Peer 1: 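Before we start, here is the structure in question, set down as structure tokens.
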Amino acid sequence: MKGIIHVKAPDYLADALKLSLMDFESEIKISSMVKLFELGKVSSGVAAKVLGMSRLDFLDLLSKYNVSVLNEVDSVSLQ
């Protein structure tokens, strides 16, 4: 991996979410890719690749975050 982004967050934030620091790190990474997808900044394929999962698994993950898979279809049809 070429780049590493460090996010400073107090330990109590992970505690408030009832997550270990490792799980909190994973949640931050996943939720940022979901949000970037939702905003149309990255495709589902790019997000899936960053997260190390298949595109279908990423599309399935979107439901956990109440994000429509149709965002990608809508942005493509508008171009």
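All figures in this text were calculated on a predicted structure; none of them were measured in a lab.
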Peer 1: Do you know the tightest heavy-atom contact between Ala14 and Ser20?
Peer 2: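 Looks like CB-O, 4.5 Å.
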Peer 1: To the nearest 0.5 Å, what is the distance between CD1 (Ile30) and NZ (Lys64)?
Peer 2: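 Answer for the CD1-NZ pair, Ile30 versus Lys64, is 6.0 Å.
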Peer 1: Could you state the interatomic distance from OG (Ser44) to CG (Leu62), rounded to the nearest 0.5 Å?
Peer 2: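 The CG atom of Leu62 is 8.0 Å from OG of Ser44, to the nearest 0.5 Å.
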Peer 1: Within the supplied structure, the quantity of interest is the number of heavy atoms (other residues, nucleotides, ligands) at a distance under 6.0 Å from Glu27 CD; does it exceed 12?
Peer 2: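 Yes, the 6.0 Å shell around CD holds more than 12 heavy atoms from other groups.
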Peer 1: Nearest 0.5 angstrom please: Ser43 OG to Arg55 CZ, how far?
Peer 2: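 With rounding to 0.5 Å, OG (Ser43) is 7.5 Å from CZ (Arg55).
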Peer 1: Membership question, hydrophobic clusters at under 4.5 Å side-chain separation (ILVMFWY): are Leu21 and Leu13 in the same one?
Peer 2: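 The answer is no; the residues belong to distinct hydrophobic clusters.
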Peer 1: Indicate the atoms forming the closest heavy-atom contact of Ala48 with Ser54, along with that distance.
Peer 2: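 Taking every non-hydrogen atom into account, CB-O, 3.6 Å.
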Peer 1: Is the closest side-chain donor-acceptor distance between Ser26 and Asp23 under 3.5 Å?
Peer 2: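 Ser26 vs Asp23: no donor-acceptor pair found between side chains.
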Peer 1: Could you tell me whether the side chain of Leu61 reaches within less than 4.5 Å of the side chain of Met53, counting heavy atoms only?
Peer 2: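 Answer yes - side chains close enough.
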Peer 1: Going by side-chain contact (heavy atoms from CB on, under 4.5 Å), Met33 matches just one of Ile28, Leu51, Val46. Which one?
Peer 2: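 Filter result, single survivor: Leu51.
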Peer 1: Indicate the atoms forming the closest heavy-atom contact of Phe37 with Ser68, along with that distance.
Peer 2: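 Heavy-atom minimum between the residues: CE2-O, 3.7 Å.
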Peer 1: Group every Ile, Leu, Val, Met, Phe, Trp and Tyr by side-chain heavy-atom contacts under 4.5 Å, then state whether Leu17 and Tyr65 land in the same group.
Peer 2: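 No; Tyr65 is not reachable from Leu17 via cluster members.
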Peer 1: Taking the side chain as C-beta and beyond, is there a heavy-atom pair between Val50 and Lys29 under 4.5 Å?
Peer 2: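 In contact.
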